[in-house]
Amino acid sequence: MAVANPELTLEPQAKKKKKGFGIGLDVSAFFPSDRDIVRAFAAANYGIGLSPTNINFRPGTHFIWDIGLNGDSRAGSRYFTVAPTFGVIYSPQNEDSQSTFRPYFAARVGPYYADYSILRNNTRFKDRGFGWNGNVEAGLFLTDKIRVSVRYDKFSEKDGFDLGGLRAGVTWQFLRF
């Protein structure tokens, strides 16, 4: 004869999955790594705008994706890149900490699309096309909607230009899907 223990036969309640994808306000500074890009544009460009975001506040190692948008226009030269990248994010879990701040590290790779027209040494280089991007990022989640980060992007070269560099920014995700 078997006796059922009600505590053991109850199904565990499903955890409510937090949404990570949304739209955020992004304030950033970008510092190009390619000397020719610095000469054609500037040593830094600053931006504020809306961007797709994927804030993953959970501790541990997880799959993550990102869409990086970048561009500039000065003195007759311009460029624009779109880089959807995929990889992993690691955020350590510290059970003893009373802080809501959580550091994270991410690494991603993926394709990119570039459209540019850049004047270098009195020669115009103009192209549209695809290449490869890799990036690493370190940051701090201040809350489950706000993060500060530093990211380095390396792009495969086109016409000798690397459209990558270092980005420092703050993102506030105000809308989630």
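In this text the structure is predicted, and so the values were computed from the model without any measurement. Side chains are part of it too, since the values below use all heavy atoms of this structure and drop only hydrogens, waters and symmetry mates.
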Legend entry - 4.5 Å side-chain heavy-atom contact, V88 and I64: no
Legend entry - Residue pair K158 / Y112, side-chain heavy-atom distance below 4.5 Å: yes
Inset, instruction - Find the distance between CD1 (I146) and CZ (F174) and round it off to the nearest 0.5 Å. - result: 12.5 Å
Inset, instruction - For atom CZ of R74, decide whether the heavy atoms of other residues, nucleotides or ligands shown that lie under 6.0 angstrom number more than 12. - result: yes
Legend entry - Shortest non-hydrogen contact from S91 toward P103: OG-O, 2.9 Å
Legend entry - Shared hydrophobic cluster, L25 / Y46 (ILVMFWY, side-chain heavy atoms < 4.5 Å): no
Inset, instruction - For the residue pair R39 and L119, establish whether any side-chain heavy-atom pair is separated by less than 4.5 Å. - result: no
Legend entry - Of all pairs that satisfy salt bridge (Lys or Arg N to Asp or Glu O under 4.0 Å), the ones with a partner from residues 106-116, not counting sequence neighbours: R78-D115, R108-E137, D115-R128
Legend entry - Check against salt bridge (charged side-chain N to carboxylate O under 4.0 Å, His left out), D159 and R120: CA-CA 10 Å; D159 290 325; R120 176 176 62 196; over 6 Å; no
Inset, instruction - May I ask you to test the S28-D26 pair for a side-chain heavy-atom distance under 4.5 Å? - result: yes
Legend entry - Validation row, ring centre F80 to ring centre Y113 under 6.0 Å: no
Inset, instruction - Work out which heavy atom in A42 is nearest to a heavy atom in P32; give both atom names and the distance. - result: O-CG, 3.8 Å
Inset, instruction - Would you mind reporting whether Y104 and L140 have side-chain heavy atoms less than 4.5 Å apart? - result: no
Inset, instruction - Take T85 and V109 through the test side chain to side chain contact (heavy atoms under 4.5 Å, CB included) and record every step on the way to the result. - result: CA-CA 5 Å; T85 56; V109 296; 5.9 Å; no
Inset, instruction - For F125, enumerate each residue passing the ring-ring contact (aromatic ring centres under 6.0 Å, His included) test, keeping only those at least two apart in sequence or located in another chain. - result: F161
Legend entry - Q173 and R147: CA distance, side-chain angles, deciding distance, side chain to side chain contact (heavy atoms under 4.5 Å, CB included) verdict: CA-CA 9 Å; Q173 186 182 57; R147 74 170 178 230; over 6 Å; no
Legend entry - Hydrophobic cluster identity match, F63 and Y90, side-chain contacts under 4.5 Å: no
Inset, instruction - Among I118, N45, L163, find the one that has a side chain to side chain contact (heavy atoms under 4.5 Å, CB included) with D72. - result: N45
Inset, instruction - Indicate if F177 and I67 have the same hydrophobic cluster label, given that clusters are the connected sets of ILVMFWY residues with side-chain heavy-atom separations under 4.5 angstrom. - result: yes
Inset, instruction - Report the C-alpha distance between F41 and Y79 in whole Å, list the side-chain angles of each, state the deciding distance to 0.1 Å, and finish with yes or no for ring-ring contact (aromatic ring centres under 6.0 Å, His included). - result: CA-CA 10 Å; F41 299 98; Y79 77 95; 5.0 Å; yes
Legend entry - Check: S33 and D162 side chains under 4.5 Å, non-hydrogen atoms: yes
Legend entry - W132: partners by ring-ring contact (aromatic ring centres under 6.0 Å, His included), with sequence neighbours left out: none
Legend entry - Gap between atom CG of N70 and atom CG of N133 - 0.5 Å precision: 10.5 Å
Legend entry - From CA spacing to verdict: ring-ring contact (aromatic ring centres under 6.0 Å, His included), F101, F141: CA-CA 6 Å; F101 294 177; F141 293 117; over 10 Å; no
Inset, instruction - Would you check, one step at a time, whether the test salt bridge (charged side-chain N to carboxylate O under 4.0 Å, His left out) holds for D153 with R167? - result: CA-CA 8 Å; D153 278 276; R167 175 177 307 283; 5.5 Å; no
Inset, instruction - State plainly whether one hydrophobic cluster holds both F86 and L69, where clusters connect Ile, Leu, Val, Met, Phe, Trp and Tyr through side-chain heavy atoms under 4.5 angstrom apart. - result: yes
Inset, instruction - Answer yes if I89 and V150 sit in the same cluster of Ile, Leu, Val, Met, Phe, Trp and Tyr residues linked by side chain heavy atoms under 4.5 Å apart, and no otherwise. - result: no
Inset, instruction - Please check if the side chain of N121 supplies one atom and the backbone of T123 the other of a donor-acceptor pair under 3.5 Å. - result: no
Legend entry - Nearest-0.5 Å distance, NZ of residue K145 to CG of residue L175: 9.0 Å
Legend entry - Side chain proximity check, T81 to F155, heavy atoms < 4.5 angstrom: yes
Legend entry - Flag side-chain contact, heavy atom, 4.5 Å: S77 against R124: yes
